[in-house]
S.K.: 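Quick one: structure below, then a few questions.
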Amino acid sequence: MSIRLGSVQFVIVSSPDAAKLFLGTHDTVFASRPEIQATKYLAYDNKAMTFAEYGPYWRSEIGLMVEEMKAASKARKVVNLSETVSSVIEGMVCRMLFGKKYDDRFVFKTVIDKSVEATGTFNLADYVPMLAPFDLQGITKCLKSLSKELDEMFEILIDEHEKRNQTSESPKRDQMDFIDILLSLKHEYSNTHDEQSYTIDRSNMKAILLDMVAGAIGTAKISIEWILSVLIKHPRVMKELQKELTTMVGDKPMVEENDLTKLKYLHMVVKETFRLYPVAPLLIPHQSMEDIVIEGFDIPKKTRVLVNYWAFGRDPKVWSDNWEEFLPERFLEKEIDFRGHDFKLIQFGIGRRGCPGMNLGLLNIGLVVSNMIRWFNWELPNGMSPSDLDMKEKFGLSTPRAKPLLAIPTYRA
Ligand code: HEM
């Protein structure tokens, strides 16, 4: 389907076969992103991330989470799981990037949530550029203020790392956090074999940090929130997963990174949740870099492509008539994964602009979910039955739960 909004031409891709054409066969043509007001003000002129390195950044955060849930279990306290997951993920990401969990000056999750919301809001200025200077909806003002908040936080973090490195010996390679690694690459060429390579300066560093923080925090939080919701709503699936965890992990105090590959049922639960509750229902818009003809249709340069991935997971032609059912076992028979070979399940996008943080995202999700489920049973508050759990989404650039997930943990010794 093709539509026009103001001066902008869109193509909407609504099936895995069409996605294969645009993001597979013609991936090189559609590998650009449109420049919108949000990227202009938030994303340091679209300077992007390239790599990631991390150690066991998650251990203390997961340990604290388990202890906190044990205390809540003793007190029969209702836990706001949406809030808890958000803090755990923020803590894990901060430890990985900045070496430690920082203090109240750093409110990444709040600023990132607001930025995602502002980016996902329909902004007239993106479709009728002559209206941009008037900022009729006040979105540009909001984006500028969010950008300033983020910039100030990154400046403090980089300054603190630089000062520490000046006063004491620079950390050894295996003790470096992500900012140390970026600082060690400052002014080096990003790619010595490429004539168009650029040096990594301070704004590149901040753009990369923004990619990491924005990419890692909200997406994992939303994914985990949905996985826990479907598990609570479907006690049969919850029991099956707990059985797997008990058998495969035993009495170890924590489910660890190397346990995750053994957890086949967990992987099926994750895939089934990604099918029905995508984090980015339209992925991130792509844009064509040249004119192209696809299946007889002329598609001009700079056409934006929206991939309606939300619809893929609800297509009976793809998932059969029981598509509405939450059934992880459907992946027993289907060799479908989201690692770039199959266009039915593209939770992380696909091709050149696919998500570079997929492995890290899957790891964070696996660690948090498995530890929450290995050690605790979950009950809804006020005697609510699992089938009554509200599963409404809040639509936008990403789709979190409309209402926070509240539940009472009981410790499973
Ligand atoms: C559950 C976790 C995650 C999900 C569901 C997710 C999903 C996505 C999706 C749908 C896209 C757009 C793909 C497209 O338009 O074709 C994307 C892009 C991106 N993601 Fe992720 N992501 C996750 C985790 C992460 C993490 C942990 C990082 C960083 C460490 C990250 C960094 C990025 C970046 C930088 C892009 C833009 C890539 C580009 O434009 O070339 N993501 N992600």
Side-chain angles (χ1 to χ4, degrees), residues 13 16 19-20 22-24 26-36 38-39 42-44 46-54 57-58 85-86 89-90 92-98 108-109 112 116 119-120 178 181-182 204 206-227 267 270-271 273-289 304-310 312-313 338-340 343 345-369 396-400:
V13 170
K20 192 171 182 181
F22 282 81
L23 305 184
H26 301 293
D27 183 26
T28 38
V29 175
F30 294 97
S32 181
R33 300 266 193 226
E35 195 185 306
I36 55 171
T39 52
L42 285 174
Y44 298 92
N46 295 315
K47 290 171 182 155
M49 71 163 287
T50 44
F51 47 78
E53 192 163 322
Y54 52 91
Y57 58 90
W58 49 270
V85 169
S86 187
I89 293 292
E90 185 184 46
M92 285 160 81
V93 172
C94 286
R95 279 181 202 279
M96 176 186 73
L97 296 180
F98 317 134
F108 284 110
K109 60 181 159 66
I112 294 296
V116 172
T119 307
F178 195 73
I181 293 170
L182 288 177
N204 291 121
K206 290 189 284 185
I208 293 169
L209 288 174
L210 175 67
D211 274 338
M212 298 286 285
V213 170
I217 295 183
T219 50
K221 179 245 169 182
I222 295 171
S223 308
I224 296 169
E225 207 183 28
W226 283 121
I227 295 169
H267 293 147
V270 170
K271 282 181 194 171
T273 313
F274 284 174
R275 177 178 76 82
L276 286 169
Y277 301 98
V279 168
L282 301 175
L283 305 185
I284 300 176
H286 287 237
Q287 182 168 284
S288 58
M289 296 190 288
R304 292 188 196 174
V305 176
L306 291 182
V307 179
N308 185 0
Y309 169 53
W310 187 88
F312 292 17
F338 34 76
R339 292 182 181 272
F343 288 79
L345 208 58
I346 49 171
Q347 174 82 353
F348 296 91
I350 202 159
R352 280 175 174 70
R353 301 313 291 260
C355 177
M358 179 175 74
N359 287 333
L360 180 61
L362 287 171
L363 178 61
N364 288 347
I365 291 170
L367 287 168
V368 175
V369 171
L397 191 65
S398 60
T399 39

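As the structure lists them, so they are numbered: ligands from 1, and atoms in each ligand from 1.
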S.K.: Using heavy-atom distances, let me know which of M358, R33, Q347 sits nearest atom 37 (C) of ligand 1.
M.R.: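 The residue whose heavy atom sits nearest atom 37 (C) of ligand 1 is R33.
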
S.K.: Please determine if I284 has a nitrogen or oxygen closer than 3.5 Å to a nitrogen or oxygen of ligand 1.
M.R.: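 Yes, there is a polar N/O contact under 3.5 Å.
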
S.K.: Can you tell which part of S223 has a heavy atom less than 4.0 Å from ligand 1: side chain, backbone, both or neither?
M.R.: side chain

S.K.: If you count the atoms of ligand 1 from 1 in the order shown, which ones are under 4.0 Å from a heavy atom of I365?
M.R.: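 Matching atoms, with element in brackets: 1 (C).
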
S.K.: For the 3.5 Å polar cut-off, considering only N or O atoms, please tell me whether R352 and ligand 1 meet it.
M.R.: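 Between R352 and ligand 1 (N or O atoms, distance only) the closest approach is not under 3.5 Å.
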
S.K.: Given that the side chain starts at C-beta and the backbone is N, CA, C, O, which of these parts of L360 lies under 4.0 Å from ligand 1, counting heavy atoms, or is it both or neither?
M.R.: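 The answer is the side chain.
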
S.K.: Looking at T399 and P278, would you say the former's side chain and the latter's main chain have a donor-acceptor pair under 3.5 Å?
M.R.: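 Yes, T399 side chain to P278 backbone: donor-acceptor pair under 3.5 Å.
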
S.K.: Have a look at ligand 1 and work out which part of N364, if any, has a heavy atom under 4.0 Å from it: side chain, backbone, both or neither.
M.R.: neither

S.K.: When you look for heavy atoms under 4.0 Å from ligand 1, do you find them on the side chain of H286, its backbone, both, or neither?
M.R.: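 The answer is the side chain.
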
S.K.: Report the member of P356, G361, G215 with the shortest heavy-atom distance to atom 19 (C) of ligand 1.
M.R.: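 Nearest option to atom 19 (C) of ligand 1, by heavy atoms: P356.
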
S.K.: If every non-hydrogen atom of V279 is compared with every non-hydrogen atom of S223, which pair is closest and at what distance?
M.R.: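 Closest pair (atom of V279, atom of S223, distance): CG2-OG, 3.2 Å.
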
S.K.: If you count every heavy atom of other residues, nucleotides or ligands that lies below 6.0 Å from K20 atom NZ, does the total exceed 12?
M.R.: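 Incorrect, the count does not exceed 12.
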
S.K.: State the CE-CG distance between M92 and L367, to the nearest 0.5 angstrom.
M.R.: 5.0 Å

S.K.: For F348 and F274: C-alpha separation, side-chain torsions, deciding distance, then whether ring-ring contact (aromatic ring centres under 6.0 Å, His included) applies.
M.R.: CA-CA 10 Å; F348 296 91; F274 284 174; 5.8 Å; yes

S.K.: How long is the span from the CZ atom in R352 to the NE2 atom in H286, to the nearest 0.5 Å?
M.R.: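 Reported to 0.5 Å precision, the distance equals 12.0 Å.
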
S.K.: Flag the pair L282 / N308 as yes when at least one side-chain heavy-atom distance between them is below 4.5 Å, and no otherwise.
M.R.: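 Yes, close enough: below the 4.5 Å cut-off.
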
